[in-house]
S.K.: 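Quick one: structure below, then a few questions.
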Amino acid sequence: MMNIKTPKKGRVRRELEKRAPKLVENGKKTLILQGIKTSSVLNAVLTQIYHLKRDSAVRYTRKNENIRPFESGGETSLEFFSLKTDCSLFVFGSHSKKRPDNLIMGRTYDHHIYDLVEVGVENFKTTESFTYDRKLAPKVGSKPFFAFIGEGFESVEELKHLKEVLLDLFRGEVVENLNLAGLDRAYICTAVSSNRVYFTHCALRLKKSGKIVPRMELVEVGPSMDLVVRRHRLPNDDLRKEAMKTAREQPKKKVKNVSEDAVQGKIGKIYIPDQQVGDMALPNKAKGVKRERREAKNKKGANEHISKKLKEDSNNAG
């Protein structure tokens with residue numbers, strides 16, 4: 001028999017409940033880490049991505065020599081860090097002579113590697129290199145717009161895969177209701193060729209248009225870079241089918257004697273049994289009962305006195 005350990009502390013139990021499968025999953029967290037060798041450009045790229053996702057990202061700055069995606073056995077440490085930090089997305093940076101400024105983005109399913117996209121970073125510009133009004137800087141945690149420009153995102157397999165990963169990486173938590181005043185940023189991805197994408201980050205400026213809907217302008221705030229697709233690995237069909245499986249929502253329990261009306265709203269029926277007030281036993285110490293008994297006794301005594309007097313008068317008359 002296998003012993004199953006149950007958490008004894010409430011903090012541990014609550015943490016395990018957060019990681020348990022749910023009908024509506026929480027927002028995805030991103031793990032950002034680096035290989036044994038990186039460049040100054042790549043360090044700046046990882047830092048900028050961490051600042052863009054500061055509310056839902058974990059950054060490791062130590063060098064990791066055991067992580068080698070796309071190689072057999074080189075993903076064990078990456079999966080361990082994913083399980084440790086409860087992250088479903090990861091960004092891994094490495095630098096070598098064969099693949100300079102290499103950036104690997106990917107997703108995990110059940111803390112195992114799901115898919116991978118490897119890109120090279122070129123023409124990188126940091127946020128500090130752009131001049132703009134700092135009041136327009138996007139707020140941390142705000143929801144972004146996405147614009148994918150170019151036919152390659154619909155026809156080229158590598159760019160379609162890169163589009164899916166970028167959407168998962170930067171979209172944040174899924175919400176049902178959204179305040180339009182909080183939309184202050186946009187990510188613009190332009191397919192320059194079949195393997196090159198220009199990526200930039202812009203702030204939204206609202207101006208008067210003479211109408212109800214304001215005129216919207218884009219102000220580039222950075223970072224910006226060219227992403228050159230080098231390698232990518234799609235998940236197999238069985239894994240994709242298992243990952244796309246969704247749980248059925250539990251049927252709502254039928255509520256009896258409740259109906260909906262278009263005018264009055266929710267209407268309910270309440271059944272109350274016959275209370276039989278006359279058979280209820282009243283307490284003897286009630287002041288009202290004592291007063292009623294005293295009045296009844298006095299009234300009975302007066303009636304007896306009157307009837308006795310009338311009887312005596314009738315006898316005297318006889």
S.K.: Verify the neighbour count for atom CZ of R11: are there more than 12 heavy atoms of other residues, nucleotides or ligands below 6.0 Å?
M.R.: no

S.K.: Could you check if a side-chain atom of C189 sits within less than 4.5 angstrom of a side-chain atom of Y198, using non-hydrogen atoms only?
M.R.: no

S.K.: Is the closest side-chain heavy-atom distance between F124 and P223 below 4.5 Å?
M.R.: yes

S.K.: By side chain to side chain contact (heavy atoms under 4.5 Å, CB included), which residues pair with E158, not counting sequence neighbours?
M.R.: V156, V229, H232

S.K.: Side-chain heavy atoms nearer than 4.5 Å, only ILVMFWY residues, links allowed to pass through others: does that put V165 and L239 together?
M.R.: no

S.K.: In Å, rounded to the nearest 0.5 Å, how long is the span from CZ of R14 to CD of E17?
M.R.: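 Here the interatomic distance stands at 8.5 Å.
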
S.K.: Check the hydrophobic clustering (I, L, V, M, F, W, Y; side-chain heavy atoms under 4.5 Å; chains of links allowed) and say if M216 and L183 are grouped together.
M.R.: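 Yes; tracing contacts between hydrophobic side chains, which count when under 4.5 Å, links both residues.
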
S.K.: Taking the six-membered ring of Y109 as reference, does the NZ or CZ atom of R107 fall below 6.0 Å from its centre and within a 45° cone about the axis?
M.R.: no

S.K.: For I104 and F70: C-alpha separation, side-chain torsions, deciding distance, then whether side chain to side chain contact (heavy atoms under 4.5 Å, CB included) applies.
M.R.: CA-CA 10 Å; I104 299 176; F70 291 100; 4.2 Å; yes

S.K.: With a 3.5 Å distance limit and no angle check, can you tell me whether K53 reaches the backbone of L169 through a side-chain donor-acceptor pair?
M.R.: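 Side chain of K53 to backbone of L169, a donor-acceptor pair under 3.5 Å: yes, one is there.
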
S.K.: Could you tell me whether the side chain of D133 and the main chain of L136 form a donor-acceptor pair under 3.5 Å?
M.R.: no

S.K.: Can you tell if the side chain of V258 reaches within under 4.5 Å of the side chain of I267, non-hydrogen atoms only?
M.R.: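 No; the side chains remain at least 4.5 Å from each other.
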
S.K.: Is there a path of hydrophobic side-chain contacts, each under 4.5 Å between heavy atoms of I, L, V, M, F, W or Y residues, that connects F130 with V221?
M.R.: yes

S.K.: Under a 3.5 Å distance rule, please check whether D261 uses its side chain to pair with a backbone N or O of S259 as donor and acceptor.
M.R.: no

S.K.: As an exercise, state the distance from NE2 of H161 to CG of L116, rounded to the nearest 0.5 Å.
M.R.: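 H161 atom NE2 to L116 atom CG measures 7.5 Å (nearest 0.5 Å).
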
S.K.: At what distance, to the nearest 0.5 angstrom, does CZ of F170 lie from CZ of F146?
M.R.: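 The distance works out to 7.0 Å.
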
S.K.: For a side chain to side chain donor-acceptor pair (under 3.5 Å) check, start with the C-alpha distance between Q48 and T127, then their side-chain angles and the critical distance, and finish with the verdict.
M.R.: CA-CA 8 Å; Q48 294 287 313; T127 305; 2.6 Å; yes

S.K.: I36 and F92: same hydrophobic cluster, using ILVMFWY side-chain contacts below 4.5 Å?
M.R.: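 Cluster IDs for I36 and F92 differ.
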
S.K.: Could you tell me whether the side chain of T85 reaches within less than 4.5 Å of the side chain of V58, counting heavy atoms only?
M.R.: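 Of all side-chain heavy-atom pairs linking T85 with V58, at least one is under 4.5 Å.
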
S.K.: Judged by atom type as modelled, is there a donor-acceptor pair below 3.5 Å linking the side chain of K28 to the main-chain atoms of C87?
M.R.: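 No.
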
S.K.: Check for me, please, whether I32 and L42 land in the same ILVMFWY cluster - side-chain distances under 4.5 Å, paths through other members count.
M.R.: yes

S.K.: Counting heavy atoms not belonging to K143, are there more than 12 under 6.0 Å from its NZ?
M.R.: yes

S.K.: Closer than 4.0 angstrom, basic N to acidic O: yes or no for K160 and E154?
M.R.: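 The answer is no: the pair does not qualify as a salt bridge.
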
S.K.: Can you confirm if the aromatic rings of F145 and Y187 lie within a centre distance of less than 6.0 Å?
M.R.: no

S.K.: Is it true that, when you exclude N257 itself, more than 12 heavy atoms of the residues, nucleotides or ligands shown sit nearer than 6.0 Å to its CG?
M.R.: yes

S.K.: Around atom CD of E65, are there more than 12 heavy atoms from other residues, nucleotides or ligands closer than 6.0 Å?
M.R.: no

S.K.: Would you name the heavy atoms of C202 and I188 that are closest together and state the gap between them?
M.R.: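 So the minimum-distance heavy-atom pair works out to SG-CG1, 4.2 Å.
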
S.K.: Which distance, rounded to the nearest 0.5 Å, do you find between the CD1 of I113 and the CG of L78?
M.R.: 4.5 Å

S.K.: Assess whether atom CD of E151 is packed by more than 12 heavy atoms of other residues, nucleotides or ligands within 6.0 Å.
M.R.: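 No, the 6.0 Å shell around CD holds no more than 12 heavy atoms from other groups.
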
S.K.: Considering only heavy atoms from C-beta outward, does the side chain of L234 approach that of E157 to under 4.5 Å?
M.R.: yes

S.K.: Is R215 reaching over with its side chain to a backbone N or O of R205, donor-acceptor style, under 3.5 angstrom?
M.R.: no

S.K.: Indicate yes or no for a side-chain donor-acceptor contact from S142 to the backbone of P138 under 3.5 Å, with no hydrogens or angles considered.
M.R.: no

S.K.: If you define the side chain from C-beta out and look only at heavy atoms, does anything of V197 sit under 4.5 Å from D226?
M.R.: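 No, too far: nothing below the 4.5 Å cut-off.
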
S.K.: With rounding to the nearest 0.5 angstrom, report the CD1 to CG distance, I49 to L103.
M.R.: 5.0 Å

S.K.: Does D101 offer a backbone N or O that forms a donor-acceptor pair with the side chain of H95 under 3.5 Å?
M.R.: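 Answer holds: yes.
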
S.K.: Which distance, rounded to the nearest 0.5 Å, do you find between the OG1 of T76 and the CD1 of I67?
M.R.: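 Reported value, rounded in 0.5 Å steps: 10.0 Å.
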
S.K.: Between R185 and L52, does a side chain to side chain contact (heavy atoms under 4.5 Å, CB included) hold up when you go through it step by step?
M.R.: CA-CA 11 Å; R185 68 173 68 192; L52 291 175; 4.1 Å; yes

S.K.: Can you name the side chain to side chain contact (heavy atoms under 4.5 Å, CB included) partners of R230, sequence neighbours left out?
M.R.: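 Applying side chain to side chain contact (heavy atoms under 4.5 Å, CB included) to R230 gives R99, P100, N102, E118.
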
S.K.: Quick check: do N123 and M225 have side-chain heavy atoms less than 4.5 Å from each other?
M.R.: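 When only atoms from C-beta onward are counted, M225 and N123 do not touch, as no gap falls below 4.5 Å.
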
S.K.: Are any side-chain N or O atoms of N64 and backbone N or O atoms of Q34, one a donor and one an acceptor, separated by less than 3.5 Å?
M.R.: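 Yes; at least one donor-acceptor contact below 3.5 Å.
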
S.K.: What pairs with E79 under salt bridge (Lys or Arg N to Asp or Glu O under 4.0 Å), at least two apart in sequence or on another chain?
M.R.: none

S.K.: Verify side chain to side chain contact (heavy atoms under 4.5 Å, CB included) between L162 and M105, making sure each step is shown before the conclusion.
M.R.: CA-CA 9 Å; L162 179 62; M105 298 174 287; 3.8 Å; yes

S.K.: Taking the side chain as every heavy atom from C-beta outward, state whether V91 and L46 have any pair of such atoms under 4.5 Å apart.
M.R.: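 They are in contact (side-chain heavy atoms under 4.5 Å apart), so the answer is yes.
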
S.K.: Testing the basics here: between F153 and L159, what is the closest heavy-atom pair and its distance to 0.1 Å?
M.R.: CD2-O, 3.6 Å

S.K.: Under 4.0 Å between a side-chain nitrogen and a carboxylate oxygen: does that hold for R233 and E75?
M.R.: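 The answer is yes: the pair qualifies as a salt bridge.
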
S.K.: Please evaluate residues I272 and I270 with respect to the criterion side chain to side chain contact (heavy atoms under 4.5 Å, CB included), reporting the C-alpha separation (whole Å), side-chain torsions for both, the decisive distance (0.1 Å), and the verdict.
M.R.: CA-CA 6 Å; I272 301 176; I270 301 176; 4.2 Å; yes

